[in-house]
Amino acid sequence: MERDWSDEDDDSHHLIHQNDTKPVSSSTSRRGRSAFDVEDLDSRIGAARRFPFRFNKSYLLAILISVLFLVAFFSADIRGLFSGHASAFGLGSTADRMRESELRALSLLKQQRLGLFGLWNHTFLDSAIARNGTANFTLSSSNSSVLKKRDSGHLLASSSALFEDFKSAVLRQIKLNKDIEEVLLLPHQSGNVSVENGDGDMVDVNFSDFGFDQCRTVDQNSSGRKTIEWKPKPDKFLLAICVSGQMSNHLICLEKHMFFAAVLGRILVVPSSKVDYEYNKVLDVDHINDCLGRKVVMSFEEFSGVKKTHLHIDRFICYFSSPQHCYVDDEHVKKLKGLGISMGKLESPWVEDTQKPNKRTIQDVEAKFTVDDDVIAIGDVFFADLEQEWVTQPGGPLAHKCKALIEPSHLIVLTAQRFIQTFLGKNYIALHFRRHGFLKFCNAKTPSCFYPVPQAAECIKRVVERTDAPVIYLSTDAAESETGLLQTLIFSNGKPIPLVKRPDRSPAEKWDALLYRHGLQDDSQVEAMLDKTICAMSRVFIGASGSTFTEDILRLRKDWGSASRCDEYLCQGEEPNFIADDE
């Protein structure tokens, strides 16, 4: 886990149409003078008819030339005579549109060239795997499955999965070719009339026509999970302490504490709401016990009942020694003592810094933290790097019968389902658009993760094109000025894609009635967890790189089996096209 992750739990459509006009070009005046010249010539001819003249060869030749001129002029430019004034308005704008379309088409052609080149390289990889069964490198793509290194150093991938990747890549190139065609034809479209090529073979590419969903869910293949059994002794406890960041950080910290408790054979005590968040509002603690089939977690209130008047931390063995023991400040120690908890001196068995955590194994933890004392604490472990390969597995490192151990409460899940049924439907994209306080945080990273709204809109539209989703759920802390601009820039096939946020409470709407019935309305942590749940249930999710709010959503999607092959961070692989200077 990166040290500089931020955390954000604050959750909270106007279409602007502009018509650009250009001044009348000089061609209009020239066209007008041509028309007046014709009328003047015609009047002269008419006048000549009123006067007698001799029909010699020179007069006859002049008349014939004039008649031929008039016939040629009117047959070739009769439409321009009446519509020349209007066409002059659009001449410049059409040229601009054509130039813009050509530049866009060139950009798409570059994308297609890179995509085909990647496909070419992919075929060599597939051939190598087919011949040798092994390879010494890893292929990674945001839209294709990742071949992961196993402990043996081999890369395992089924032939069917490789074939699915190949089909996906080919169909993406077909879709990109169609996009290029549409971009080039766009300036030539007038009103309801579309321009086709000579053969009329413009094909509407629809991935469903091929029986293929490029944004299908990821096969997690959990059969090979590495897990340990959590069988705690009934009189041995680990007191969880989480102080870093906000709720998302604390949930990650709590999950890691569960791993530590399982390794050390102890019951985990969830922190009191007097020193931490009210976990009982967003989590079902009993759900964890049900998944394990035994008592492995208890609330602080239940722990207090067990220990009665003897609330004492026998050993405070700090996982982190720097920047301070246990990553716990004096203020938090005072809060713990305010609960009636007594404790000894904080100690650390090794040198471990939150800024640069070392990779640790289960054997390391057992060697340093296995003691006979009844109650121990190890401090905040949010930044701990313990068996990350185990921790990041779908379902986590512990053996259990559920999809996820730490998940939203049943009330929040039901409320999320009712919101989806009311506003979104099954096919929707969820977007975590982190903005508040994110500009400075992202610009301190290389590369920055804070994108201008127009660039973000282009990235979102590319995901929309792959999913054909009619609506986007927006989880954001952005100001209305930013979300309003974003709404005007997101469209597909000429139609705007609505950005939907949770509305303010209305008595006429019943989707959130369960929260009000249980007194959970207007609770910021409940609303944040509700946002996470709606995002985790989406068909495709676009997250904010560097945000633990996003990381917790990705964890839920992975555990629930809803992770999509199209899931990605906003503008993944791109750098902002403009970055402000440092202060």
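By convention here, the first residue in the shown sequence is residue 1. What you see below is based on every heavy atom in this structure, not just the backbone, and it leaves out hydrogens, waters and symmetry mates. The model shown is predicted, which means the values in this text are computed figures rather than measured ones.
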Answer yes or no: is there a donor N or O on one side and an acceptor on the other, between the side chain of K501 and the main chain of L474, under 3.5 Å? no
Could you check whether the rings of F419 and W511 sit parallel, tilted or perpendicular, using 30° and 60° as the cut-offs? perpendicular
Count the heavy atoms belonging to other residues, nucleotides or ligands that lie under 6.0 Å from CD of E574, then report whether that count exceeds 12. yes
Checking side-chain polar atoms at under 3.5 Å, does D552 have a donor or acceptor matched by the opposite partner on S248? no
Table please: side-chain donor-acceptor pairs of residues 260-268 below 3.5 Å, with sequence neighbours left out.
residue, atom, partner, partner atom, Å
R266, NH1, F237, O, 3.2
R266, NH1, D373, O, 3.0
R266, NH1, D374, O, 2.9
R266, NH2, V371, O, 3.1
R266, NH2, D373, O, 2.6

Do the ring planes of F441 and F438 sit parallel (below 30°), tilted (30 to 60°) or perpendicular (above 60°)? parallel
Heavy-atom count check: over 12 atoms from other residues, nucleotides or ligands less than 6.0 Å from K368 NZ? no
For the pair H432 and F549, name the ring-plane relationship: parallel under 30°, tilted 30 to 60°, perpendicular over 60°. tilted
Disulfide (SG to SG under 2.5 Å) filter on C318, not counting sequence neighbours, yields C326
Sequence neighbours left out, what pairs pass salt bridge (Lys or Arg N to Asp or Glu O under 4.0 Å) with at least one residue falling in residues 514-524? K281-D523
Is the distance between the ring centroids of Y327 and F382 under 6.0 Å? no
Identify whether NZ of Lys or CZ of Arg in R434 sits under 6.0 Å from the centre of the six-membered ring of F450 and within 45° of that ring's axis. no
Atom NZ of residue position K307 - does it have more than 12 heavy atoms of other residues, nucleotides or ligands inside 6.0 Å? yes
